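Both counts, for ligands and for their atoms, begin at 1 and track the order of listing. Keep in mind it's a predicted model, so treat the numbers as computed, not measured.
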Amino acid sequence: MGPGRQDNLDPHDGLASHGTFSYRGRVNAIAPLIDSHGRVMRDLRVSVTDRCNFRCLYCLPETEEAARFYRTKFAAAPDATFPRLYRDPVWKPRAEILTFDEIERIVRLAVGLGIEKIRITGGEPLLRRGLEELVARLSRLDGIRDLAMTTNGFHFGSRAEALRKAGLQRVSFSMDSLDPDNFRRMTGRDGLAEVMAALDAARRCGFSPIKVNAVIIRGLNDHEIPALARFAHERRLALRFIEFMPLDSGHAWQRELVVPVREILSTLQSEFDLVPVPSAHHSSETARRWSFADGEGEIGIIAPVTEPFCGHCNRLRLTADGKIRTCLFSVVEHDLRSWVRGGAGDGELEDGLRRVVLGKELGHRIGQADFAQPERTMSCIGG
Ligand code: SAM
Ligand code: SF4
């Protein structure tokens, strides 16, 4: 599966193939990463692998049946009329994946340009051998306020302590269901017990807050919304309900499958006494948050589809194969790897990053007639 359009930021060309971007000529040696809409970038998501040991229906479905499960459930047309949805994942060859040295260098430069939050992600980041070493290297960089990781949790339990010692500050787990059968249906794997053990290990090792992400899909796990919230309350977790986004490899996303934030909220409010958490200090936060009345646990809703937060988005993404994406839904990627491997100096890389950021999209176009789903799935982009 190809990444879609690419800007080839070749240091020897001096001018990227996309006419707007070049990195020759310093922009401003001390300028932060600011886009043409005035948004200052503070958050970099670093994907360390495109591989995954899970096959979540909404991300990387494993079979044709899984890929089309929700289509056949909701679409008006009969199943047989659909084109084949399932595609075998095509992993990037190892040589194309950024080395730890390359990641560390890019992160160091980005932090020098004002990035404060680093989130390690994937694919499944714990599949990257020696991840603890990368965490340790990043944690030693001056200027990182928050070093976090998103994981499916399956391999976390045995590595929690080493990751904590290496300097990982926070961890978010993905857990869409509390029912083992539904968990298997959604993730393609029998892994609920391991994820539960991972939550315990994270607590034991002092990670705080511990976040849990649940992608809610109509007809699949929307009936579990109250149980997931209760679980967050009992276990003092920060649970994030996430609207399903059109980033699945089956390209089977449909609007009808999205459970809008309003619906999730009214379900929750009918059962729990929720107190809004003021967002004054979290203007770039993607989640709207509520605490339970007794202060134990918290829920948040991330609603990129029905209530987009693009206006204050301060994120950039670095894919495992070294492409910069300025939006989850970018159809253009910027080839930082060839630039790094082509011998670009620090100043050139910094200027290139600034120019890339200048072109950050105003917002995604989900729901608009011209919306195009990016070719790469969430697992390749790094969620
Ligand atoms: N494998 C790790 C995990 O699952 O936590 C990290 C990578 S995963 C791509 C990061 C996050 O993206 C997960 O919380 C996952 O639930 C979310 N995600 C994946 N596909 C999605 C989709 N189509 N819509 C909304 N969220 C999605
Ligand atoms: Fe893997 Fe995470 Fe995608 Fe699930 S959401 S398939 S765990 S990358």
Handout entry: Any side-chain donor near an acceptor of the partner, Ser177 and Glu224, under 3.5 Å
Key = yes
Problem - Numbering as shown, the atoms of ligand 1 that approach Val215 to under 4.0 Å (heavy-atom distance) - result: 16 (O), 25 (C), 26 (N), 27 (C)
Practice task
Salt-bridge test for Arg376 and Glu333: reply yes if a basic N is under 4.0 Å from a carboxylate O, no otherwise.
Solution key: yes
Handout entry: Ligand-side contact atoms (ligand 1) for residue partner Gly123, heavy atom cut-off under 4.0 Å
Key = 1 (N), 2 (C), 6 (C), 7 (C)
Practice task
Can you sort out which atoms of ligand 2 are near Asn152, meaning under 4.0 Å from one of its heavy atoms?
Solution key: 7 (S)
Completion exercise
Result for side chain to side chain contact (heavy atoms under 4.5 Å, CB included) between Val215 and one of Asp176, Asn221, Leu220 points to Asp176
Problem - Donor + acceptor pair across side chains of Asn53, Glu124 (<3.5 Å) - result: no
Practice task
For atom 3 (Fe) of ligand 2, find the nearest protein heavy atom and state the residue, atom name and distance (0.1 Å precision).
Solution key: Cys59 SG, 2.4 Å
Exercise for the section: Give a yes or no on whether Cys56 keeps an N, O or S atom under 2.8 Å from atom 4 (Fe) of ligand 2. Expected result: yes
Fill in the blank from the handout: Near Glu124 (heavy-atom distance under 4.0 Å), the atoms of ligand 1 are 1 (N), 2 (C)
Completion exercise
If we number the atoms of ligand 1 from 1 as shown, the ones under 4.0 Å from a heavy atom of Asn213 are 14 (O)
Problem - Option from Phe154, Phe231, Phe156 for which ring pair (Phe, Tyr, Trp, His ring centres under 6.0 Å) with Phe173 holds - result: Phe156
Problem - Residue Thr121 vicinity, atoms of ligand 1 by number, heavy atom under 4.0 Å - result: 6 (C), 7 (C)
Fill in the blank from the handout: Counting from 1 in the order shown, the ligand 1 atoms closer than 4.0 Å to a non-hydrogen atom of Phe244 are 23 (N), 24 (N)
Exercise for the section: Give a yes or no on whether a salt bridge exists between Lys165 and Glu161, defined as a side-chain N under 4.0 angstrom from a carboxylate O. Expected result: yes
Handout entry: Geometric N/O contact Asp176 with ligand 1, under 3.5 angstrom
Key = no
Handout entry: Carboxylate-amine/guanidinium contact Asp43 Arg315, below 4.0 Å
Key = yes
Completion exercise
re atom 17 (C) of ligand 1, the protein heavy-atom contact at minimum distance is Met378 CE, 4.1 Å
Problem - Check: Cys52 and Leu60 side chains under 4.5 Å, non-hydrogen atoms - result: yes
Practice task
Heavy-atom contacts with Asn152 under 4.0 Å: which atoms of ligand 1 show up? List them by number with element.
Solution key: 2 (C), 3 (C), 5 (O)
Fill in the blank from the handout: Note: ligand 2 atoms sitting under 4.0 Å from heavy atoms of Cys52 are 1 (Fe), 6 (S), 7 (S), 8 (S)
Handout entry: Test item: Phe241 and Val261 side chains (from C-beta on) under 4.5 Å apart, heavy atoms
Key = no
Problem - Salt bridge present between Glu132 and Arg159 (N-O < 4.0 angstrom) - result: yes
Problem - cation_pi(Arg164, Phe207) dist<6.0 Å, angle<=45 - result: yes
Problem - Shortest protein heavy-atom distance from atom 21 (C) of ligand 1, along with the residue and atom involved - result: Tyr58 CD1, 3.5 Å
Problem - Residue, atom name and distance, where the atom is the protein heavy atom closest to atom 5 (O) of ligand 1 - result: Ser174 OG, 2.5 Å
Fill in the blank from the handout: A student checking ligand 1 against Met245 at a 4.0 Å heavy-atom cut-off should list atoms 22 (C), 23 (N), 24 (N), 25 (C), 26 (N)
Handout entry: Thr151, any N or O under 3.5 Å of ligand 1 N or O
Key = yes
